[in-house]
*Asks:* 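Dropping a structure here in structure tokens format, bear with me for questions.
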Amino acid sequence: MKRMLDLRSDTVTRPDQAMREAMRNAEVGDAVMGDDPTVLQLEKMGAELFGKEACLMTVSGTMSNQTAVLSMTGRGEQIIVHDRSHMYNLEVAGLSVISGVQPRPLPAPEGKYDLQTLEENMIGTAIQTAPTTLICMENTFDLNRGLAIEKNYIDQVCRLAHSHGVPVYMDGARILNAAVALDEKPDVLCEEVDAVSLCLSKGLGCPVGSLLAGSAEMIGKARRMCQMLGGGWRQGGILAAAGIVGLGRWRELEEDQRRARSLAGGLARLGLQIDCDQVQTNVIRVELGSLGLGSREFCQALSGFGVLAKPIETGALRMICHRDIGDEDIPAVLAAVEDCLNSLDR
Ligand SMILES: Cc1ncc(COP(=O)(O)O)c(C=O)c1O
């Protein structure tokens with residue numbers, strides 16, 4: 001049977017043989033009791049990668065985000081989020097429900113707050129106000145565009161926030177893609193942020209998992225909060241072993257990004273509308289506007305030609321390159337798209 005080329009997300013990546021082998025051979029203990037050696041090793045690697053004092057392995061990006069906010073804020077406070085961020089839109093209102101904070105969404109069209117607007121929206125403590133106690137960022141920005149946010153801008157936000165005594169949290173689900181695109185070391189990119197998360201289960205190809213890094217004090221609290229949410233591991237080493245393999249080869253994300261650029265160029269040549277300057281990492285946003293087609297209809301038709309893409313708006317879809325899509329698959333995706341376009345009554 002012909003293999004489906006699944007470009008809906010990098011979360012569809014499956015652990016390869018090396019990862020499965022490492023999981024099979026993992027030395028384990030009880031991570032809640034603090035003695036799973038493989039979890040401890042992964043957390044040490046995570047802390048070093050981001051240049052932070054400590055690190056915690058969690059179940060998912062969502063759990064890292066929610067654990068971070070729960071650990072860095074108190075009920076009745078306000079946190080600033082991007083209006084298009086994952087934390088604000090796709091985490092089942094966890095910010096309000098779990099942490100009891102009021103998210104204040106601000107526009108950040110290219111993943112960047114306007115610094116003056118940001119400062120104007122940082123609220124102090126008064127009898128009627130919910131004080132701002134956390135600024136959140138996302139890198140790469142927007143799961144449907146994957147924009148790489150550079151250090152200089154991150155540092156400006158951090159300096160502003162810190163001048164008001166407010167910490168900064170980075171949802172870095174795909175921050176290693178940003179690091180590769182910007183040719184920046186993750187610890188340098190995140191030097192000024194107070195805490196940062198990373199997903200192991202996306203481009204790194206692990207079956208599950210995320211890392212949350214920050215100060216020893218913050219991670220100490222996060223460890224308890226994560227336990228409260230039911231995220232305490234027991235023999236977590238089996239999953240941490242996959243994370244160790246994934247972290248050991250994060251620079252290979254460059255391959256996915258090279259393929260994404262090549263695929264984006266090919267799709268544009270087929271007449272699809274793509275802003276190639278915005279293909280900065282592994283995500284390609286495709287506009288179908290000029291074709292007069294709905295994205296659901298198009299993705300459905302495309303699946304008949306062996307390619308899966310994700311509809312994101314009525315007239316737009318996304319494709320994400322990842323380690324299970326090789327060089328030889330790019331011409332196959334382009335041929336399928338071309339056949340699909342020819343088959344549609346336009
Ligand atoms: C920016 C961002 N943050 C957080 C998450 C959540 O990760 P998870 O699916 O592991 O909960 C995602 C998932 O796509 C994401 O894109």
Side-chain angles (χ1 to χ4, degrees), residues 6-15 42 46 50 56-70 79 81-95 97-99 103 105 108 110-113 134-149 154 168-179 181 186 189-190 193 195-213 222 226 229-231 233 236 239-240 242-243 246-247 253 256-257 260 280-285 309-312 317-322:
D6 191 347
L7 290 99
R8 290 171 301 166
S9 177
D10 44 11
T11 57
V12 303
T13 44
R14 303 186 182 180
L42 174 66
F50 290 114
L56 169 70
M57 172 171 115
T58 77
V59 173
S60 64
T62 301
M63 189 178 265
S64 281
N65 286 343
Q66 297 301 326
T67 302
V69 175
L70 196 49
I79 71 168
V81 289
H82 296 301
D83 59 357
R84 294 185 56 79
S85 64
H86 195 281
M87 293 175 76
Y88 182 58
N89 293 289
L90 296 173
E91 300 192 3
V92 206
L95 299 173
V97 175
I98 299 171
S99 295
E110 304 299 314
K112 296 178 179 179
Y113 300 112
L134 187 66
I135 308 287
C136 300
M137 302 180 77
E138 192 176 286
N139 201 8
T140 61
F141 173 73
D142 191 343
L143 75 171
N144 295 325
R145 286 193 293 165
L147 304 182
I149 310 299
I154 299 170
V168 174
Y169 170 65
M170 176 68 79
D171 173 357
R174 295 187 178 84
I175 195 150
L176 296 180
N177 291 87
L189 195 57
C190 297
V193 304
V196 53
S197 64
L198 160 73
C199 280
L200 299 168
S201 59
K202 297 191 163 72
L204 297 178
C206 303
V208 93
S210 168
L211 296 176
L212 175 62
C226 190
L229 297 176
W233 304 104
L239 293 166
L247 275 196
L253 293 169
D256 303 337
Q257 305 187 174
Q280 297 175 3
T281 57
N282 59 339
V283 185
I284 307 168
R285 179 188 163 95
K310 186 172 178 198
I312 52 172
L317 58 90
R318 83 170 184 198
M319 291 185 181
I320 298 193
C321 288
H322 53 72

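Bear in mind that the values here come from a model prediction, so they are computed numbers and not experimental data. Note that ligands are numbered from 1 as they come in the structure, with each ligand's atoms numbered from 1 the same way.
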*Asks:* Can a donor-acceptor pair be found between the side chains of N144 and R285 at a distance below 3.5 Å?
*Replies:*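 No, because no side-chain N or O of N144 sits under 3.5 Å from a partner of the opposite role on R285.
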
*Asks:* Can you list every side chain to side chain donor-acceptor pair (under 3.5 Å) pair that touches residues 85-94, not counting sequence neighbours?
*Replies:* N65-E91, Q66-E91, H86-E91

*Asks:* Show the distances, to 0.1 Å, for all pairs joining an N/O atom of ligand 1 and a protein N/O atom that are shorter than 3.5 Å, listing one pair per line.
*Replies:*
residue: ligand 1; atom: 3 (N); partner: D171; partner atom: OD1; Å: 3.2
residue: ligand 1; atom: 3 (N); partner: D171; partner atom: OD2; Å: 2.6
residue: ligand 1; atom: 7 (O); partner: K202; partner atom: NZ; Å: 3.0
residue: ligand 1; atom: 10 (O); partner: G61; partner atom: N; Å: 2.8
residue: ligand 1; atom: 11 (O); partner: G61; partner atom: N; Å: 3.4
residue: ligand 1; atom: 11 (O); partner: T62; partner atom: N; Å: 2.9
residue: ligand 1; atom: 11 (O); partner: T62; partner atom: OG1; Å: 2.6
residue: ligand 1; atom: 16 (O); partner: R174; partner atom: NH1; Å: 3.1

*Asks:* Is there a donor in the side chain of T140 and an acceptor in the side chain of T281, or the other way round, less than 3.5 Å apart?
*Replies:*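 There is no such pair between these side chains.
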
*Asks:* Mind checking side chain to side chain donor-acceptor pair (under 3.5 Å) for Q257 and listing every partner two or more places apart, or none if nothing turns up?
*Replies:*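 With sequence neighbours excluded, Q257 shows a side chain to side chain donor-acceptor pair (under 3.5 Å) to N177, given in chain and number order.
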
*Asks:* If you measure from the Lys or Arg side-chain nitrogens to the Asp or Glu carboxylate oxygens, is any gap between D10 and R174 under 4.0 Å?
*Replies:*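 Counted as a salt bridge, because a side-chain N and a carboxylate O are separated by less than 4.0 Å.
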
*Asks:* Applying ring-ring contact (aromatic ring centres under 6.0 Å, His included), name anything that partners H322, two or more places apart in sequence or on another chain.
*Replies:*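 In terms of ring-ring contact (aromatic ring centres under 6.0 Å, His included), with neighbours along the sequence ignored, H322 is linked to no residue.
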
